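These figures come from a predicted structure and were not determined experimentally.
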Amino acid sequence: MNDPIAGKVIIITGASSGIGEASARLLASKGAKVVLGARREDKLKQIVDEIRRDGGHAVYQQLDVTKPSDNATIVNLAKEKFGGIDVIFLNAGLMPNSPLSALKTDDWQRMIDVNIRGVLNGVAAVLPSFIERQSGHVITTSSVAGLKAYPGGAVYGGTKWFVRDFMEVLRMESATEGTNIRTTTIYPAAINTELLNTISKKETLEQMRNTYDRYGISPDRIANVVAFAISQPDDTTINELTVGPANQPW
């Protein structure tokens, strides 16, 4: 029996490392046609080359999710290369946490641009296609910080709470309008990715590194969850998934 993921066209943002890279490799191994986007073109090329060497189908585009035009271009790339889009995995994100008293306002704006506008731009780019065909699947990477508050994470958590509400409304509106768009929001806890590299506040970085060094698990664990959500029948939505280390009291 064929894998239900085989043949699906899947756009992945933030695909040059971590959860995005792990998901791209796993989904391609299951027969998906993956379209990868991120800012680091050299990394994307390497991943796509390796997927192709293993017999998979993959293309890439340098992508800045904060630019609507870049999002429109990657949607068009998926259509041109593979004939359409079945899934978009909006995974790009930043987490430069710090206490509000540190007044790292540039970091605040960057998080809003990537974590919120990046999701909005991706959905805006793909929604017309999903509405026209009356099917599709939007997956987002939120965070456990999108479920509960953490000191040092006021702005980051706020952006992830936004994603939670936005995705829930998208699900409800699609159900009401009969467009059959599935939604999945994933709330990871400590996953070993490059996310900590964006933290510039020394004390916050040390605290977060201690947590991730103690509890962190592989991004492959999230890739497995992404594949699980995609593989469900078209009439079934796995709306929310909280995933993290079994020994972390997040």
Side-chain angles (χ1 to χ4, degrees), residues 13-20 38-39 63-68 71 89-124 138-172 183-217 219 221-222 225-226 239-250:
T13 71
S16 61
S17 66
I19 291 170
R39 288 173 296 178
L63 172 71
D64 180 344
V65 297
T66 69
K67 297 179 179 179
N71 288 268
F89 180 21
L90 301 170
N91 171 68
L94 299 174
M95 191 183 68
N97 282 355
S98 63
L100 292 170
S101 57
L103 287 171
K104 289 187 170 291
T105 55
D106 287 346
D107 287 347
W108 300 356
Q109 297 303 320
R110 288 170 59 217
M111 282 186 279
I112 291 168
D113 284 344
V114 174
N115 299 355
I116 293 181
R117 291 194 176 94
V119 169
L120 293 177
N121 290 338
V123 170
V138 180
I139 304 174
T140 54
T141 302
S142 180
S143 168
V144 291
L147 298 171
K148 60 186 291 188
Y150 294 91
V155 179
Y156 177 73
T159 65
K160 296 305 185 177
W161 278 82
F162 167 85
V163 169
R164 182 187 188 193
D165 182 79
F166 176 82
M167 290 289 283
E168 180 67 357
V169 173
L170 175 60
R171 180 192 67 78
M172 296 173 72
T183 59
T184 303
T185 306
I186 302 172
Y187 303 95
I191 309 298
N192 290 323
T193 70
E194 296 180 357
L195 201 59
L196 301 190
N197 295 349
T198 61
I199 301 175
S200 60
K201 179 71 172 174
K202 182 180 178 182
E203 294 81 4
T204 303
L205 178 60
E206 289 178 357
Q207 181 182 25
M208 295 296 290
R209 274 189 176 153
N210 288 337
T211 297
Y212 279 67
D213 287 346
R214 181 175 180 182
Y215 299 114
I217 56 177
R221 309 301 193 265
I222 305 300
V225 170
V226 172
N239 192 46
E240 294 186 316
L241 290 156
T242 304
V243 188
N247 65 340
Q248 182 189 4
W250 67 75

(request) Assess whether side-chain contact (heavy atoms from CB on, under 4.5 Å) is satisfied between Val155 and Asp107, documenting all intermediate values. (result) CA-CA 9 Å; Val155 179; Asp107 287 347; over 6 Å; no

(request) Please say whether more than 12 non-hydrogen atoms of neighbouring residues, nucleotides or ligands are located less than 6.0 Å from CD in Gln207. (result) no

(request) State plainly whether the residues Arg209 and Glu206 are in salt-bridge range, i.e. N to O under 4.0 Å. (result) no

(message) Taking Arg110 first and then Asp113, would you say they form a salt bridge - that is, a charged N and a carboxylate O separated by under 4.0 Å?
(response) no

(request) Say whether, by atom type as modelled, one donor and one acceptor occur between the side chain of Asn97 and the main chain of Ile199 under 3.5 angstrom. (result) no

(request) Determine the minimum heavy-atom distance between Ile191 and Pro219, stating which atoms define it. (result) CG2-CA, 3.5 Å

(message) Ignoring hydrogens and geometry beyond distance, is a side-chain donor-acceptor pair present between Asn239 and Thr185 at under 3.5 Å?
(response) no

(message) When you compare the side chain of Ser17 with that of Thr193, does any pair of heavy atoms fall below 4.5 Å?
(response) no

(message) Do Met167 and Glu240 have side chains that approach each other closer than 4.5 Å (heavy atoms only, starting at C-beta)?
(response) no

(request) Quick one: closest heavy-atom pair of Ser98 and Thr204, and the distance? (result) CA-OG1, 3.8 Å

(message) Asn121 and side-chain contact (heavy atoms from CB on, under 4.5 Å): which single residue from Ile116, Asn71, Val65 fits?
(response) Asn71

(message) Measuring only between side-chain heavy atoms, which start at C-beta, is Arg39 closer than 4.5 Å to Ser16?
(response) no

(request) Nearest 0.5 Å please: distance from the CG atom of Asp213 over to the CG atom of Asn192. (result) 7.5 Å

(request) Could you go through the side-chain contact (heavy atoms from CB on, under 4.5 Å) check for Trp250 and Thr242 one step at a time? (result) CA-CA 11 Å; Trp250 67 75; Thr242 304; 3.9 Å; yes

Show which side-chain atoms of residues 141-152 pair as donor or acceptor with protein atoms under 3.5 Å away, not counting sequence neighbours.
| residue | atom | partner | partner atom | Å |
| --- | --- | --- | --- | --- |
| Thr141 | OG1 | Asn91 | OD1 | 2.9 |
| Ser142 | OG | Lys160 | O | 3.3 |
| Ser143 | OG | Ala145 | N | 2.9 |

(message) How long is the straight-line distance from OG1 of Thr140 back to CD1 of Ile186, given to the nearest 0.5 Å?
(response) 7.5 Å

(request) Using modelled atom types only, decide if a donor and an acceptor are shared between the side chain of Thr13 and the backbone of Ala92 within a distance under 3.5 Å. (result) yes

(message) Rounded to the nearest 0.5 Å, what separates atom CZ in Phe166 from atom OG1 in Thr183?
(response) 10.5 Å

(request) Taking all non-hydrogen atoms of both residues into account, name the closest pair between Gly244 and Ile217 and its distance. (result) C-CD1, 3.8 Å

(request) Of all the heavy-atom pairs spanning Ala15 and Ala38, show the shortest one and how long it is. (result) N-CB, 3.8 Å

(message) For Ala189, is there any backbone N or O sitting under 3.5 Å from a side-chain donor or acceptor partner on Gln248?
(response) no

(message) To check you understand the geometry: which heavy-atom pair defines the closest contact between Ile19 and Phe89, and what is its length?
(response) CG2-CZ, 3.8 Å

(message) Using 0.5 Å steps for rounding, measure from the CG atom of Asn115 to the OG1 atom of Thr66.
(response) 11.5 Å

(request) Apply side-chain contact (heavy atoms from CB on, under 4.5 Å) to the pair Trp108 and Leu103, showing each step before the final yes or no. (result) CA-CA 9 Å; Trp108 300 356; Leu103 287 171; 4.0 Å; yes

(message) Side chains of Ile112 and Phe162, heavy atoms from C-beta outward: is any pair under 4.5 Å?
(response) no

(request) Give, for atom OG1 of Thr159 and atom CE of Met95, the distance between the pair rounded to the nearest 0.5 Å. (result) 10.5 Å

(message) For the CG atom of Asp165 and the CG atom of Leu170, what is their distance to the nearest 0.5 Å?
(response) 11.0 Å

